[in-house]
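Below: one structure, written as structure tokens.
Heavy-atom basis, side chains included; hydrogens, waters and symmetry copies ignored.
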Amino acid sequence: MRVAIVGAGIGGLCAAVGLQRAGAEVVVYERAPQLKPVGSGLSVFPNGIAALDSLGLGRRFRRITAGDAARLDAGQRRPDGGWLARLPEDAVSGLRVVHRAELHEMLVTALQPGSLQLGTTVSGVREDGRTVDIEGRDSRPRSERFDVVVAADGINSVIRRSWPGDPGLRYSGYSSWRGVTHRPVDLLGAAGETWGRGLRFGLAPLRDGRVYWFAVATMPADEKVDDEYARVRELFGTWHAPIPALLDATDPKDVFRHPISDLAQPLPTFRRGSCVLLGDSAHAMTPDLGQGANQAMEDAATLTALLAPVARNEAPAAAALDLALATYDRLRRERTQPVARRARALGALAHVPSRAGVLLRNAVMRVTPPSALGKQAKTVQTWSPPSGVSARTVTTSTR
Ligand SMILES: Cc1cc2nc3c(=O)[nH]c(=O)nc-3n(C[C@H](O)[C@H](O)[C@H](O)COP(=O)(O)OP(=O)(O)OC[C@H]3O[C@@H](n4cnc5c(N)ncnc54)[C@H](O)[C@@H]3O)c2cc1C
């Protein structure tokens, strides 16, 4: 089975490694001429780790991550440092935080040599879902045919934009700066988020003691800011310790702002013919639950489990492929779309605009039992790949 993967982000690379290990011949097209290290962190929860385990990547992943978040008090605080809500220990015990550049490098080195084509843009996928139109750096436009095409080309996916029913993106109303300290900083025993009015700050430890942080503010998506780092200092520089120390320990040139958007509506399907959407292209969500990449990992593990029974065949049976892709579409819409809805709702709560709204929100958070918060987190973070049942269904139904 020949598979094209469009995009060498976390989702595309996980799918490429999984499908290669299942026996498929995989080509990954990435438009960037080189893979630049991305300077921020990523929270990976038990569901993402279960996906990496099923892709055979769990052990490598654990080596490059910190489980230290589990030893810290976690939850939401006020800008003066008082707790609004604490998460029970078991809600964060499985969390691991990774530097994105290290995760990316780990995934690229797990690929079979020669399967990644950098500087190669896919301009579209034909209606059969099998033929990709490609623009190489040094070559004339060409097209190539595959058994399956995986569109993992991110939130601005050109492939999704040609999809029937593409709802487009909607801006959340807030933007996020991200940074990693260049030296270890003492977190004083706590991690998580701090919520103000229209402002939020989050922090998490990396394995070497450096700290990944993000700062979020309600603002227009296209607001001009002359000095991004100075703006973060102005908004958060007087918040509780260790926030000012984290900003002191961050190189201003490494601080970037991203407008936060998600899909305006859930997509009616993640599949067209033999092409499937995966990761942000399928279900771009706001990062409020830290689940975008975790869900992309789940997508990759699900697709791999479903296609594994047919992956080794040079000419896979059409019925087997059809069933596997239809099952992927159904399972992943059912799983990801409610997560995206919850992420958006949490973001709206965090950025409630009025002073009265903030007072009410804080009062409710203070009286919510930690066990209820833990239960909510668990429903998102508990997941296992569909290896047994669905893969067997695919094989048996094609005999
Ligand atoms: C502030 C912030 C914090 C976040 N924190 C977390 C977190 O803690 N945990 C978590 O799970 N998620 C988090 N996320 C979400 C996470 O970053 C994304 O969900 C994830 O990176 C999506 O991966 P992807 O592979 O789908 O897309 P991407 O990483 O966007 O990769 C897409 C790739 O496709 C390439 N490409 C695009 N178009 C083409 C084309 N036409 N041809 C060839 N190549 C193409 C791009 O160059 C890129 O390399 C966060 C997001 C933000 C904005």
Side-chain angles (χ1 to χ4, degrees), residues 6-7 9-12 14-15 42-51 54 125 129 148-174 259-273 275-307 323-351 375-386 389-390 393:
V6 185
I10 294 166
C14 284
L42 190 80
S43 301
V44 182
F45 292 95
N47 58 308
I49 297 172
S54 90
V125 177
V148 175
V149 177
V150 179
D153 52 342
I155 188 166
N156 293 307
S157 168
V158 74
I159 298 167
R160 189 197 62 237
R161 274 188 263 135
S162 69
W163 217 251
D166 170 35
L169 301 176
R170 66 182 160 178
Y171 179 55
S172 63
Y174 44 89
I260 303 295
S261 300
D262 66 356
L263 273 193
Q265 293 289 328
L267 274 171
T269 178
F270 289 176
R271 177 198 178 196
R272 187 158 71 151
C275 178
V276 289
L277 301 175
L278 181 147
D280 277 7
S281 70
H283 44 67
M285 56 186 74
T286 63
D288 301 286
L289 290 171
Q291 276 289 329
N294 284 268
Q295 293 300 318
M297 291 168 184
E298 286 187 17
D299 292 346
T302 303
L303 191 64
T304 298
L306 293 168
L307 286 178
L323 182 58
L325 299 179
T327 307
Y328 169 83
D329 177 30
R330 176 176 59 76
L331 290 178
R332 296 314 298 159
R333 275 186 295 112
E334 283 171 6
R335 166 71 173 154
T336 57
Q337 292 176 342
V339 175
R341 243 189 337 266
R342 284 176 66 167
R344 180 138 190 129
L346 186 62
L349 182 69
H351 287 265
K375 210 166 146 193
Q376 277 179 8
K378 276 233 162 85
T379 58
V380 172
Q381 296 167 14
T382 306
W383 180 84
S384 47
V389 179
S390 301
T393 314

Please step through side chain to side chain contact (heavy atoms under 4.5 Å, CB included) for the pair H351 and S172, ending with a clear verdict. CA-CA 10 Å; H351 287 265; S172 63; over 6 Å; no
Do [X] and [Y] have side chains that approach each other closer than 4.5 Å (heavy atoms only, starting at C-beta)?
X	Y	result
L42	I10	yes
I260	P287	yes
T286	Y174	yes
T336	Q291	no

Closer than 4.0 angstrom, basic N to acidic O: yes or no for D166 and R161? no
Test salt bridge (Lys or Arg N to Asp or Glu O under 4.0 Å) applied to K375 - qualifying residues, sequence neighbours left out: none
Residues forming a salt bridge (Lys or Arg N to Asp or Glu O under 4.0 Å) with D299, sequence neighbours excluded: R332
Closest heavy-atom contact between [X] and [Y]?
X	Y	value
S54	P385	CB-CG, 3.5 Å
P268	G165	CD-O, 3.9 Å
A152	S281	CA-OG, 4.3 Å
V149	G129	CG2-O, 3.3 Å
A15	L278	CB-CD1, 4.0 Å

Roughly how far, to the nearest 0.5 Å, is the [atom2] atom of [Y] from the [atom1] atom of [X]?
X	Y	atom1	atom2	result
T327	L307	OG1	CG	10.0 Å
R160	R272	CZ	CZ	13.0 Å
D329	E334	CG	CD	9.5 Å
K378	F45	NZ	CZ	13.0 Å
N156	D280	CG	CG	9.5 Å
Q295	M285	CD	CE	5.0 Å

Hey, what's the ring geometry for F270 with Y328, parallel, tilted or perpendicular (30° and 60° as the breaks)?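 Aromatic pair F270/Y328 classed tilted.
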Main chain of R335, side chain of R333: is a donor-acceptor contact present, judged purely on distance under 3.5 Å? no
Got a sec, which residues hit side chain to side chain donor-acceptor pair (under 3.5 Å) with W383, two or more places apart in sequence or on another chain?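 With neighbours one apart ignored, the set is E298.
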Report all side-chain donor-acceptor pairs from residues 338-349 shorter than 3.5 Å, counting only partners two or more places apart or in another chain.
unit_1, atom_1, unit_2, atom_2, d
R342, NH1, T379, OG1, 2.9
R342, NH2, Q376, O, 3.0
R344, NH1, D262, OD1, 3.0

Test side chain to side chain contact (heavy atoms under 4.5 Å, CB included) applied to A151 - qualifying residues, sequence neighbours left out: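 Side chain to side chain contact (heavy atoms under 4.5 Å, CB included) list for A151, sorted by chain: D153, I159, C275, L277.
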Any residue meeting side chain to side chain contact (heavy atoms under 4.5 Å, CB included) with P167, in chain and number order, not counting sequence neighbours: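 For P167 the side chain to side chain contact (heavy atoms under 4.5 Å, CB included) partners, ignoring immediate neighbours, are L263, A264, Q265, L267.
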Could you verify whether a donor N or O on one side chain and an acceptor N or O on the other, from N294 and Q381, lie under 3.5 Å apart?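 Side-chain D/A pair, N294 to Q381: absent.
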